[in-house]
2 protein chains.
Amino acid sequence: MPSKCSLKPRKLPQQERSRLTVEAILEATTHILTEKGYDKTNTNLIAERAGVSIGSLYQYFPNKKSLIVALREEHSKEIAELLAAKFNHLFDSPPEIAIPELVKAVIAVHAINPRLHQVLSEEIPYSERSQQQMQKTDEQITELLRAYLERWRERFALFDRDRLRPQNIEMTIFIINRTVESLCHSAVIEHPQFVSDSQFEQEVSNLLMSYLIKKPD
Amino acid sequence: MPSKCSLKPRKLPQQERSRLTVEAILEATTHILTEKGYDKTNTNLIAERAGVSIGSLYQYFPNKKSLIVALREEHSKEIAELLAAKFNHLFDSPPEIAIPELVKAVIAVHAINPRLHQVLSEEIPYSERSQQQMQKTDEQITELLRAYLERWRERFALFDRDRLRPQNIEMTIFIINRTVESLCHSAVIEHPQFVSDSQFEQEVSNLLMSYLIKKPD
DNA sequence: TGTCAATACGAGTAATTACTCATATTATTG
DNA sequence: CAATAATATGAGTAATTACTCGTATTGACA
């Protein structure tokens, strides 16, 4: 069972034909991963489902890991773009408006393909993850959050010096980020009924707002 | 590669000798899992590290899955007992006291063996998890939380009818549960510096308290 | 001390699977 | 229409690994 480490394809698709092949392979990977879970997913099965030979698969993906990484790239990009758009759109809206909208967006993002999201974050072995890639995605979100917090700094308690709040913005960003991510993630998977009406997004918004927003004295 | 489904051992250890064997096997499993990650963990390696033969291993664990399940059982039990003790001890303490203490306890629990915790929750394939087992642990914590919330119901906003709060206690419990769990989990792994002083536990407590506790009008 | 059950051993097996490579087919280009 | 580059093929291979089973050793108990 060889297992090299390069992630770049040995050949880039140049003709339309091969672009379709690559697309079919990625679609098949998603399908098998979500249907069977990581440990029942193998490259031969992926090739079969994609309707291409195993040889073709290895023309464009040097190893199994590169397949997973490519898939996560697609997925992360989709998420990052959607959230960036939302943040942009809501940049000048006050927290009471923006926070529920953003929570709604995160839920929507998780609802796109919950099972894929779950497999990627709960089943893929560490050796098959690109730490660099995952960190990059995380930092993108972090920066969006930071920008918004600073745009509305006079409304947020965490910037007050006199409060027993953290000087440490990083910690607050981390807390918000993980809280929303994990709540939306597990709600979509474990409690789809929560997500179907708007009660859940309201509650998560309340959690964030009561924590973040300065109270009038 | 056979893979049966029974999780019960084919033989229960009866003499002291075999009890030591079982212990050594579980210790070795923990060690290899945390050192190498799930995908580099195999039963032959575990037996070697435990200093027993592969045959002995399969006397007490009918398959690989049963090893993982036994390990998680140990781990969950430890956590559940520790938290149950804390909840008991703090049952009559008001939220302002109890919440920070409980958060501290959850952090401590995650700090026992963060890497094992991580592997168990982020790398073990679904086919190797006992859904029933995991659900049971979750329910235990849920019940502890519910009991505490009801003990101090007059202090918690979620019981007010007139507020735009959920009638749905289940949802609130879910939110609290997941929030604390995931924050402590990722903090211990990604930001050990957060955990080393008490700032992080204070922040998480603030998050919970500002969400849960009724404000004086 | 002898007998039987409990425990330990580990070489071997069968199944799985990531990946290669020699060859064939299809598109492009001059 | 060559000639060459791009793409496709899939049988085959080597490595890994969960698990078996026949045999040996140890302990309990009469």
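Every chain is numbered from 1, with letters handed out A, B, ... down the list of sequences. Everything quoted here is computed from the prediction, not taken from an experiment.
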Measure [atom1]/[X] against [atom2]/[N] and give the value in whole Å, please.
X	N	atom1	atom2	value
Arg49(B)	dG10(C)	CZ	C1'	21 Å
Asn63(B)	dT16(C)	CG	P	16 Å
Asn44(B)	dA15(C)	CG	P	18 Å
Phe61(B)	dT17(D)	CZ	P	20 Å
Asp39(A)	dT16(D)	CG	C1'	16 Å
Ile46(A)	dC19(C)	CD1	P	11 Å
Gln15(A)	dT4(D)	CD	P	17 Å
Lys64(A)	dT20(C)	NZ	P	15 Å

Any salt bridge linking [X] with [Y]? Criterion: basic side-chain nitrogen under 4.0 Å from a carboxylate oxygen.
X	Y	value
Lys136(B)	Glu139(B)	no
Arg19(A)	Glu16(A)	yes
Glu27(B)	Arg49(B)	yes

Mind checking if Asn42(B) touches a base, just sugar-phosphate, or nothing, with heavy atoms under 4.0 Å?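 Touches sugar-phosphate only.
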
Have a look at Leu12(B) and say if it touches a base, only the backbone sugar-phosphate, or nothing, with a 4.0 Å heavy-atom cut-off. sugar-phosphate

The side chain of Arg17(B) is closest to which nucleotide in this list: dA18(D), dA8(C), dA18(C)?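 My answer, after comparing the listed nucleotides, is dA8(C).
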
Counting only side-chain N and O atoms of [X], is one of them less than 4.0 Å from OP1 or OP2 of [N]?
X	N	result
Gln59(B)	dT7(C)	no
Ser56(A)	dT9(D)	yes
Ser18(B)	dA6(C)	no
Thr43(A)	dC19(C)	no
Ser53(A)	dA8(D)	no
Tyr60(B)	dA8(C)	yes

Taking the six-membered ring for Trp, is the centroid-to-centroid distance between Phe194(B) and Phe174(A) below 6.0 Å?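 Aromatic pair counts; centres sit under 6.0 Å.
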
Tell me which of Pro13(B) and Ile54(B) sits closer to the 5' end of DNA chain C, going by the nucleotide each one is nearest to.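 The residue closer to the strand's 5' end, by nearest nucleotide, is Pro13(B).
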
For the student: nearest non-hydrogen atoms of Ala50(A) and Ala24(A), plus distance: CB-O, 3.5 Å

